[in-house]
Visitor: 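Take this structure, written in C-alpha cells, and hold onto it; I'll ask about it next.
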Amino acid sequence: FMIFWLVYAYSGSRKPLWAFLPAALFTALALETPIWSLIASLFRDVLPGGKVADGAPFMAHFVSMFFGAGLAEEIFKAIPLLAGLGIALW
C-alpha cells in the first residue's frame with residue numbers, strides 16, 4: 001500500500017484515492033478464488049513454466065520465468081479489464 005500511495009502522491013493525480021479501491025478489491029477477491037490456481041497450473045504445469053534444474057542453460061530459466069511468472073501474472077491482471085470490457089459491451 002505504501003508504494004502505491006508514494007507513486008500516487010508523486011504523480012500529482014487529482015483522482016481521489018478511493019477511486020482505485022474497486023480494482024484493488026476485485027484483485028484481492030480474485031486471489032481468494034480458484035481463478036489464480038487455474039491460471040498458475042495452466043502456465044506452470046501445462047506450459048513450460050515449471051521448475052528448471054539449477055545447472056540448466058539461461059534460455060531454459062528465461063522461458064520458465066516468462067511463462068510461470070510473467071505471462072501468468074499479466075493474464076491475471078487483465079481479468080478485471082476483460083470483465084469491465086464485457087460489462088461495457090453487454
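Hydrogens, waters and symmetry mates are skipped; everything else that's a heavy atom, side chains included, is used.
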Visitor: Only pairs at least two apart or in different chains count here, so list each side chain to side chain donor-acceptor pair (under 3.5 Å) that has a residue in residues 62-89.
Guide: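 Pairs touching residues 62-89 that pass the test: E74-K77.
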Visitor: For a quick test of reading the model, state the closest non-hydrogen atom pair linking W36 to A72 and the distance between them.
Guide: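 It is CZ3-O, 3.7 Å.
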Visitor: Check the hydrophobic clustering (I, L, V, M, F, W, Y; side-chain heavy atoms under 4.5 Å; chains of links allowed) and say if M65 and F62 are grouped together.
Guide: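 No.
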Visitor: Mind checking whether L42 and I75 sit in one hydrophobic cluster, side chains of I, L, V, M, F, W, Y counted as touching below 4.5 Å?
Guide: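 Yes.
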Visitor: With the 4.5 Å side-chain cut-off for hydrophobic clustering, are V52 and L71 part of the same group?
Guide: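 No: no chain of side-chain contacts under 4.5 Å links V52 to L71.
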Visitor: Does I87 share a hydrophobic cluster with L25, counting links as ILVMFWY side-chain heavy atoms below 4.5 Å and allowing steps through other members?
Guide: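 No, I87 does not connect to L25 through the hydrophobic network.
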Visitor: Can you tell me how far the CZ atom of F43 sits from the CZ atom of F76, to the nearest 0.5 Å?
Guide: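 Going from CZ on F43 over to CZ on F76, the span is 12.5 Å.
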Visitor: At what distance, to the nearest 0.5 angstrom, does CH2 of W90 lie from CG of L85?
Guide: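 Going from CH2 on W90 over to CG on L85, the span is 14.0 Å.
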Visitor: So which atom in D54 and which in H61 form the shortest heavy-atom distance, rounded to 0.1 Å?
Guide: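 Answer, listing the atom of D54 first, then H61: O-NE2, 3.8 Å.
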Visitor: I'd like to know if V46 and V63 are part of one continuous hydrophobic network [Ile/Leu/Val/Met/Phe/Trp/Tyr, side-chain heavy atoms within less than 4.5 Å].
Guide: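 Same cluster.
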